[in-house]
Amino acid sequence: MYRTQHCNALRAADIDRPATLAGWVHSRRDHGGVIFIDLRDREGLTQVVFRPEENAEVAQAAHHLRDEDVIQVAGRVALRLPGTENPKLATGDVELVPSSLTILNRAEVLPFPLDGEVNEDLRLTYRYFDLRRPQLTRNLRLRHRVTKATRDYLDGQGFLEIETPILSKSTPEGARDFLVPSRLLPGQFYALPQAPQQYKQLLMVGGVEKYFQIAKCFRDEDLRADRQPEFTQIDIEASFVRPDDIYALTEGMLASIFQAARGLEVLTPFPRLTYREAVGTFGSDKPDRRFGMQLADFTDEFRESAFKLFRGIIENGGVVKAINAKGFAGITIGQVDEMTAIAKTFGAKGLAFIKIENGEWKSPIVKFFSEAEKSALQTKLALEEGDLIFFGSDKWDIACEVLGRLRLRVAEIQGLTKDSEQLDFLWVTDFPLLQFDAAENKWNAVHHPFTRPKAEDLPLLDEKRYGEMRAEAYDVVLNGVEIGGGSIRIHEPELQAKMFAVLGVNEEDQQIMFGHLLRAFRLGAPPHGGIALGLDRLVMLICGEESIREVMAFPKNNRGQDLMSQSPSAADARQLRDLGIRLADPIMTRVPGRPKWRALHVIPDRVRPILPTLHQPGADGILSHVDPFRFGEFVSSQQPIEDAVLPFPRGLGFPSDEAFQSG
Ligand code: ASP
């Protein structure tokens, strides 16, 4: 037996009992020859004292212990001397006085101190070490509590946990796929699932009725703090359900998750807002309602206004909306610039605002306002001394989004949700079904192509009034963060084919991409619907963390790399040959002024004609034409970055980006 208990177990009641502990040397202090060790394991800390007068040999060995050595100590439990107790530790009344010390393993020089602020790349490089931080241990435990509560709850509701393939076929969820080459069928590729969407629907066709999975999803997207190339969803699908069934199920599940993980009572049912209400009132489809500052509408009041800007916008079908940033009249010039920049980023041409200061309305536009207009603003915005009005006047969606973004930023500056313990859950329903993408000149699904239009909006489909159609789709939001979304699905083959056609997928491609689904729907597909919750994000909120990387055991960094195992990494030539894959030759390049070199894969036929125009910096820093012979040598040598013989600064030497693909 390695240990009789863990390091958070011993109490005053254990005095004089024998005990054996094992764990890591958390810290070592030498007080005039007496060595104090905080011994740590997953559960906590226990103090171990080595006194030379009690056991000279063991005390001598303890002198050589270093932080993070793994040891086993056996001895007897003693009360700490009066005045030396540590009330912060559960084991703080006692200490272990060892009669034996076994070094199970040594730790070499540590990459960083476990209790300090450390650069994240370094933490991720040594993740197995970083995981010893109590904070991360706690996060992983909470994550376990969440998945366990999820499984227990859904099991209780009759749901079956079913795994679906990872090597699968592309399902459009709006992101790029990760592809996996097939060796047995050269030239063909699996796609890693962006979500198990089609499989879970096919399980409904298979009569499973109630499915769930703690599912890995893969999306090849640019990364942000709360995105990872692979992440986990609590994925759910059920047959013979209406949105209300999914709402009640999800609410019950979230209530049991918060109870299990944090001992918190979640109030159900959650309030509901339609998409139009959420965006119209809060300027967001995932509103943070823990503070007010709601958008008020003044379109009617300004329809005949002497202020031409507003009147003109309204005449063109736009709206005038405003928020009251309470107590924000003291806004600095820097903040005005920042707010204007935010407004412009989200499509506004400028930002109009009025300060209420010393009983006066201060703004160059006020002189155009009638008394009636001012009194409408006064009443609807409940204006007081020190307030500030921001206007959003534009097309409805732009005006709403701009004010929604300003609202969030003001709340952040004013710390309105700081230290808030409130859990504001809500449903946002009736999302638009389709959205026009001007750049691609086509309609895209707002949720995904399998989402059902609302029954009353179905006639709009034949009338081609796609922009007005609403979906039977819903998101669940917590404190301004979307934690999940889903929909009732299309289960009729004709309607599904029609939807694909609206999305620009012709009949032939429908067969290639979705033939299996359309065939399945012809064999008696039940009405069905579901939802998926982002597990990482949910756990992040439960843990009070800012990044999902803090709640994943082995996350990737923001370039999609696993710094610990150095993946992705080059494949060896044999593997590639087996897969029938040949890489374009690599070439090193970098953005001028940046230190990092990057491998680009040359497309040889395209690069040859431009070879004479390529330049290279010589030892003297002067650019000269690339020697075509050495260029060939470089290209075929595929040298690692450090050994690059002919670095070609991007932008200096390459006249054409088209000749290269990023490697
Ligand atoms: N598969 C969807 C998603 O990943 C969720 C759903 O519709 O159930 O967003």
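As the structure lists them, so they are numbered: ligands from 1, and atoms in each ligand from 1.
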Worksheet item: Got a second to check how far Phe436's CZ is from Asn444's CG, nearest 0.5 Å?
Response: 9.5 Å
Worksheet entry | ligand 1 N/O within reach of Arg219 N/O, cut-off under 3.5 Å | yes
Worksheet item: Should we say atom CD of Gln422 is surrounded by more than 12 heavy atoms from elsewhere, each under 6.0 Å from it?
Response: yes
Discussion item. Counting the benzene-type ring for Trp, do Tyr474 and Phe270 have ring centres under 6.0 Å apart?
Written reply: no
Worksheet item: Nearest non-hydrogen atom to atom 1 (N) of ligand 1 belongs to which of Lys200, Glu482, Gln197?
Response: Gln197
Discussion item. Under a 4.0 angstrom heavy-atom cut-off, which atoms of ligand 1 come close to Arg489?
Written reply: 6 (C), 7 (O), 8 (O)
Discussion item. Under 4.0 Å, heavy-atom basis, I'd like to know which part of Ile531 is in contact with ligand 1: side chain, backbone, both or neither.
Written reply: backbone
Worksheet item: Counting heavy atoms only, which part of Gln201 comes closer than 4.0 Å to ligand 1: side chain, backbone, both or neither?
Response: neither
Worksheet item: Hey, are the side chains of Ile531 and Met253 touching, using non-hydrogen atoms and a 4.5 Å cut-off?
Response: no
Discussion item. Side chain, backbone, both or neither: which applies to Ala532 and ligand 1 if a contact is any heavy-atom pair less than 4.0 Å apart?
Written reply: both
Practice prompt. May I ask you to list the atoms of ligand 1 that are less than 4.0 angstrom from any heavy atom of Gly486?
Written response: 6 (C), 7 (O)
Worksheet item: Is Gln194 touching ligand 1 with its side chain, its backbone, both, or neither, if touching means heavy atoms under 4.0 Å apart?
Response: neither
Fill in: CA sep, side-chain torsions, deciding dist, call: Gln294, Phe282, side-chain contact (heavy atoms from CB on, under 4.5 Å)
CA-CA 6 Å; Gln294 297 189 3; Phe282 297 97; 3.7 Å; yes
Response to the item:
For Gln233, the atoms of ligand 1 under 4.0 Å from one of its heavy atoms are 3 (C), 4 (O)
Worksheet item: Quick check: does Ser487 get an N/O under 3.5 Å from an N/O on ligand 1?
Response: no
Worksheet item: Within the structure, does Glu237 bring an N/O atom to less than 3.5 angstrom of an N/O atom in ligand 1?
Response: no
Item to complete: Within a distance under 4.0 Å of any heavy atom of Ala195, pick out the atoms of ligand 1 and give their elements.
Response: 1 (N), 4 (O)
Discussion item. Here's a test for you: under side-chain contact (heavy atoms from CB on, under 4.5 Å), which of Ile257, Leu533, Leu538 qualifies with Thr150?
Written reply: Ile257
Discussion item. For the residue pair Gln201 / Gln197, report whether a side-chain donor-acceptor contact shorter than 3.5 Å exists.
Written reply: yes
Discussion item. Consider salt bridge (Lys or Arg N to Asp or Glu O under 4.0 Å). Of Arg549, Arg559, Lys556, Arg127, which one does Glu120 pass it with?
Written reply: Arg549
